[in-house]
Amino acid sequence: MERLGLVRDIDLALHLPLRYEDETQLQPIAHTRDGQTAQVEGVVREAQVELRSRRQLVVRLADDSGEITLRFLNFYPSHQKVLARSQRVRVRGEVRGGFLGREMVHPTFKAVEPGAPLPAALTPVYPSSAQLPQVYLRKAITSALGRAPLDEVLPPAAVPSGLPPLKEAVRLLHQPPPGLPLATLEDRSHPAWQRLKFEELLAQQLAQAQAMAARERLRAPVLAGMPREAQDTHGPSPLSLHTRLQAALPFALTGAQARVCGEIDADLARPVPMHRLLQGDVGSGKTVVAALAAARAIDAGWQCALMAPTEILAEQHFHKLVQWLQPLGITVAWLTGSRKGKARQAMLAQIASGEAGLVVGTHAVIQDDVVFARLGLAVVDEQHRFGVAQRLELRHKLVETAGDAAADAARPSKAAAGPRLEPHLLTMSATPIPRTLAMTYFADLAVSTLDELPPGRTPIVTKVFADSKREQVIARIRDELQQGRQVYWVCPLIEESESLDLQNATETHAQLSAVLGAALPGCQVGLLHGRMPAGEKAAVMAEFSSGRMGVLVATTVIEVGVDVPNASLMVIEHAERFGLAQLHQLRGRVGRGSAASVCVLLYTGPLSDTGKSRLRAMAETTDGFEIARRDLQIRGPGEFMGARQSGADLLRFADLNGDTGLLEQARRVAPRLMAEHPAAARAHVARWLSTKAEYLKA
């Protein structure tokens, strides 16, 4: 029960049924139909163990109207005891019409006395595990319902009209009376379900509002203008790093980038921690926005850390940022798990002394031995790929206190001279957040959107082919290579797997090397996957980025961060195995230059309905926001939430696709409830979210 989260009486009361079984009526055996789930009662005429292809218990049950066979392929002595000859039993199961007459295979059964009363309510079937029988769970929940604190905590005006009181709604869902339309319970449209969904959505909105209010009480460094010591050094009117970086960029900012930079600058100028999500489609230029934000922090005398989920992505960021910032005199430190020994110690020293203005790396940035001199801004790329604990750890890397800004900055144990300062936090995602998610799980974030692609990006054509067209696809690769273009080929596995019969990266690499090497002597085909040592990965990427390598066969390590403008063709093998967000990310690796680009999705049939929906969405649109909306429909919020859920859905009952009306009502009620009834708001969050409210703070 603990593993299911059933610790308190309220947890049991809110552990609602998956479905219901109607045990409130009996049917005569002769009136049952093939394929129907029925409950019958009769006397055992015969029970014997038969030795056919396997041992089975076969029981003949009869009532006044006829007979039915009960067949058990797995059985125990307790089965034989209850189902002994002349015993009266009540049985429920699916009826099958066979050559030898009606039968049920593995029905539920129990011994009864003649005239034993039928249940007065539908029988609930709860989410459970193999170790937790339904009978035990039903007893525990029935007992808890009498004790659970289900009294109203909300003022009547806060509850939408037409919905029942909470206690009444919960009892009805656990013990629905006979005659209640089962369909309204199972599709969750019954007013009792609507009340619970509203309660849950309201708790979630309140928790987000409380997280925002708590953050407003925190303090962060003001990252605006240059520190006094820098002004003294550079004369009366020095040009800021921010101004010099913008002037040095080899391109002009798009309107969207300029707007978003303004939003971030306004946040950084406040003494309250920024908590902003920068969302933008693949290739919309998020890295340059992050670089300009970092320049603001460095201008103000603080450090910036940029954390990415993979070494390849972190390295791409590092190379770009070094290219932009190093000529302007800024030291950029590089920190990943594979960086060891003296090189790592040198980087740690630069970070601790403050010499490194910007630190780029993977989760290695938050390891215990990494001590920042003055961390003022943390940037997390592809934030959904990190766990809650990892993101919170990055926030705790700032040990500065207000009023003690310069002295002993690197010592966490120093006495506080003022309130603790938090770093500003900018999270970035190339998976745009659909509106309903922005209104729920991300309601506590300020959201900036890059909705404009830089000039020169070409639209990508997406084609869907069955694997039988593989030869034609390889012929197209030859054409691209002859025109001096480059090609990606993505596979879902590295080596052969017994469990999944998928084309793998090593086999594809060998096949393409042979075919293309024969047709185009000197053509180089590379292989890149997550198990390769960092040095090998870097060497392969360098060959491909330089243009010396024509084809790169890779696993999804190239999903994000790889930028090769000359690549014009992306082939994704077994595309039906990938999620929509992942397919969209992979497609974004091409179309980064001026050449017309194509993404080919190869699938192996037959496709599931979900697989068809994904591939259809990819073929119909390249708009990341539309892709995100469809992904939410197909897969639910987990894809977008990533680790923010921390393995526990914050919404168990409400459906973001179908309950937008209730969500709108909850959004309207939450601020009023917090302002006018703060105690009721706190009690409501405690009842519904308990410790889960912590997940929203990351």
Are there over 12 heavy-atom neighbours, none belonging to [X], within less than 6.0 Å of that residue's [atom1]?
X	atom1	result
E113	CD	no
R96	CZ	no
D64	CG	no

Does [X] reach the side chain of [Y], with side-chain heavy atoms less than 4.5 Å apart?
X	Y	value
Q204	E200	no
V59	T69	no
H677	P155	yes
V40	R90	no
L16	L196	yes
V49	Q80	yes
L70	V58	no
D631	H584	no

Just do the side-chain contact (heavy atoms from CB on, under 4.5 Å) check on R45 and V43 with the steps written out, would you?
-> CA-CA 6 Å; R45 291 275 183 260; V43 175; 4.0 Å; yes
Between the side chains of [X] and [Y], is a donor N or O closer than 3.5 angstrom to an acceptor N or O?
X	Y	answer
R3	S129	no
R55	N74	no
H574	T604	yes
R138	T142	no

Taking all atoms of both residues into account, what is the closest heavy-atom pair of [X] and [Y], and its distance?
X	Y	answer
W193	P17	CZ2-O, 4.4 Å
L57	F75	N-CE2, 3.4 Å
R587	M618	NH1-O, 2.7 Å
R188	K197	O-NZ, 3.2 Å
R71	Q56	NH1-OE1, 2.6 Å
L185	P176	CD1-CB, 3.6 Å

Under 3.5 Å, side-chain donor or acceptor atoms of residues 115-127 against the rest of the protein: list the pairs with distances, not counting sequence neighbours.
from : atom 1 : to   : atom 2 : distance (Å)
T123 : OG1    : E23  : OE1    : 3.2
Y126 : OH     : H174 : ND1    : 2.8

E620 bridged to R630 by N-O distance under 4.0 Å =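 Result for this pair is yes, salt bridge flagged.
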Carboxylate-amine/guanidinium proximity below 4.0 Å for E46 and R85 =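 Judged by the 4.0 Å cut-off on N to carboxylate O distance, E46 and R85 do not form a salt bridge.
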[X] (side chain) donor-acceptor with [Y] (main chain) under 3.5 angstrom:
X	Y	value
D63	G66	yes
Q36	R33	yes
T621	E626	no
S613	D609	yes
R614	G579	no
D9	A148	no
S65	I29	yes

Please output the side-chain donor-acceptor pairs of residues 661-674 that fall under 3.5 Å, not counting sequence neighbours, one pair per line with the distance.
from : atom 1 : to   : atom 2 : distance (Å)
E664 : OE2    : R435 : NH2    : 2.9
R667 : NH1    : M439 : O      : 3.3

Calculate, to the nearest 0.5 Å, the distance between atoms [atom1] and [atom2] belonging to [X] and [Y] respectively.
X	Y	atom1	atom2	answer
T37	Q39	OG1	CD	11.5 Å
Q205	H684	CD	NE2	10.5 Å
E199	L163	CD	CG	9.5 Å
F578	L615	CZ	CG	11.0 Å
Y136	Q131	OH	CD	13.5 Å
L137	L6	CG	CG	6.5 Å

Given salt bridge (charged side-chain N to carboxylate O under 4.0 Å, His left out), test E152 with R195 step by step and report yes or no.
-> CA-CA 12 Å; E152 294 290 337; R195 175 65 201 262; 2.8 Å; yes
Start with the C-alpha gap between L202 and L154, add the side-chain angles, then the distance that decides, and say whether side-chain contact (heavy atoms from CB on, under 4.5 Å) holds.
-> CA-CA 10 Å; L202 179 60; L154 299 178; 3.7 Å; yes
Taking it one step at a time, do K167 and D151 satisfy side-chain contact (heavy atoms from CB on, under 4.5 Å)?
-> CA-CA 7 Å; K167 188 177 286 188; D151 297 327; 3.2 Å; yes
Does the ring center of F109 lie less than 6.0 Å from the ring center of F72?
->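 Yes.
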Can you check side-chain contact (heavy atoms from CB on, under 4.5 Å) on Q175 and V170, steps first, answer last?
-> CA-CA 9 Å; Q175 299 161 351; V170 171; over 6 Å; no
